[in-house]
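In what follows, a structure is listed as structure tokens, so that the remarks can point back to it.
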Amino acid sequence: MDFNTIICEKKNKVGYMTINRPKALNALSAEVLTELGKAAEMMAEDDEVKVVIITGAGGKAFVAGADIAAMQKMNAEEAYDFARLGQTTYNTIQDMPKIVIAAIDGFALGGGCELALACDIRVASVKSKIGIPEVTLGVFPGFAGTQRLPRLVGTGIAKEMLATARKVGADEAKTIGLVNYVVEENPVAKAEELAEMICKNSASAIALGKRSMNEGMEMELKKGIEHEAALFGIAFTTEDQREGMTAFLEKRPANFK
Ligand code: CAA
């Protein structure tokens, strides 16, 4: 499938989704959000793709936020629909049965920060600036940033970032747990290094483990633990479980499909 604003590629079991609107610093219009959702569904269903890397084109921004020009004249109902579109797309990314890595090279602001939060792992270059500056525009994060950011970094830091609109540098982002790795340049290369490690392991086990964490985080602890046991049981219906454990006992590397 061809998209106007998203470049989709596949290489060595890795799917790449590049947001390609560099003149507007990859700002998220309804078209970008719709295409991003469709691309994510496509990558989710593609068995050749084991890990997905999301990045932004142009070398200056991952994504500088939702499209301010498009939002300027929205009424309340249109704004609600726009938020639901962004949230649905990000939920699709969060729910993908494979690991999604955000490779951030530059600005990840507002909806861009929220997109990175919907990914499983975040890698940033040192020049990156991450923040939720929506309050400078008279609004606040509407693509689930008020929900995912406090869950990742805690409410104290999330509320400070919300209210000050401060752009956090890459090193600080690492310190507060907002990104996993900081690299001098080329975060995609670091993401590929992680993808290579991930691809050696069982894709079905990763999908179940990710689902257990995602769904468990929304449950009360003991319910989450019980849910984990149910999914653990499902892991024992897979070929990967037989192969992984047999390979260990036969003292050879596992050969996962
Ligand atoms: N929406 C629409 N266009 C945007 C944009 C956005 N979020 N961010 C940047 N652009 C456009 C600029 O208007 C400019 O276009 P023109 O060349 O046609 O004038 C182009 O991208 C380059 O931007 P700048 O000239 O501003 O570049 P800069 O280097 O001087 O500044 C920046 C870079 C600090 C990222 C600045 O562009 C900026 O502050 N952008 C907005 C960041 C922001 O507020 N994001 C939150 C948006 S609201 C949101 O996301 C709501 C939500 O949660 C749903």
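Side chains are part of it too, since the values below use all heavy atoms of this structure and drop only hydrogens, waters and symmetry mates. As the structure lists them, so they are numbered: ligands from 1, and atoms in each ligand from 1.
Protein heavy atom in closest approach to atom 7 (N) of ligand 1: A66 O, 2.9 Å. Here the protein heavy atom with the shortest distance to atom 37 (O) of ligand 1 is L25 CD1, 3.7 Å. Looking only at protein heavy atoms, the nearest one to atom 52 (C) of ligand 1 is E134 OE2, 3.4 Å. For atom 14 (C) of ligand 1, the nearest non-hydrogen atom of the protein is K23 O, 4.4 Å. Ranking protein heavy atoms by distance to atom 39 (O) of ligand 1, first place goes to L109 CD1, 4.6 Å.
Proximity annotation for atom 40 (N) of ligand 1: of G58, A69, A64, A61, A64 comes nearest, heavy atoms only. When the heavy-atom distances from atom 44 (O) of ligand 1 to P141, P133, A24 are ranked, the shortest goes to P133.
Judged as a side chain to side chain contact (heavy atoms under 4.5 Å, CB included), and not counting sequence neighbours, the contacts of A116 are F62, A102, I104, R122.
Within the 4.0 Å heavy-atom criterion, the part of K60 lying near ligand 1 is the side chain and not the backbone. When heavy-atom distances to ligand 1 are checked against a 4.0 Å cut-off, L137 comes that close only through its side chain, counted from C-beta outward. Only the side chain of A27 comes within 4.0 Å of ligand 1, counting heavy atoms alone; its backbone N, CA, C and O stay farther away.
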Inset, instruction - Begin with the C-alpha distance, continue with both residues' side-chain angles, and end with the deciding distance and a verdict on salt bridge (charged side-chain N to carboxylate O under 4.0 Å, His left out) for K190 and E193. - result: CA-CA 5 Å; K190 181 68 190 177; E193 194 185 307; 3.1 Å; yes
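Side-chain contact between R21 and D67 is present, with heavy atoms from C-beta onward closer than 4.5 Å. The shortest distance between side-chain heavy atoms of M219 and E226 does not fall below 4.5 Å.
A donor-acceptor contact closer than 3.5 angstrom is absent between the side chains of T92 and T89. Residues T5 and E35 have side chains that bring a donor and an acceptor to within less than 3.5 angstrom of each other.
Looking at ligand 1, you'll find an N or O of I68 within less than 3.5 Å of one of its N or O atoms.
Taken to the nearest 0.5 Å, the OG1 atom of T146 stands 8.0 Å off from the CD atom of E114. In this structure, CG in N26 is found 7.0 Å from CG in N20, a value given to the nearest 0.5 Å.
Within the 4.0 angstrom cut-off, atom 29 (O) of ligand 1 has one or more protein heavy-atom neighbours.
Heavy-atom distances between K129 and ligand 1 stay at or above 4.0 Å for every pair.
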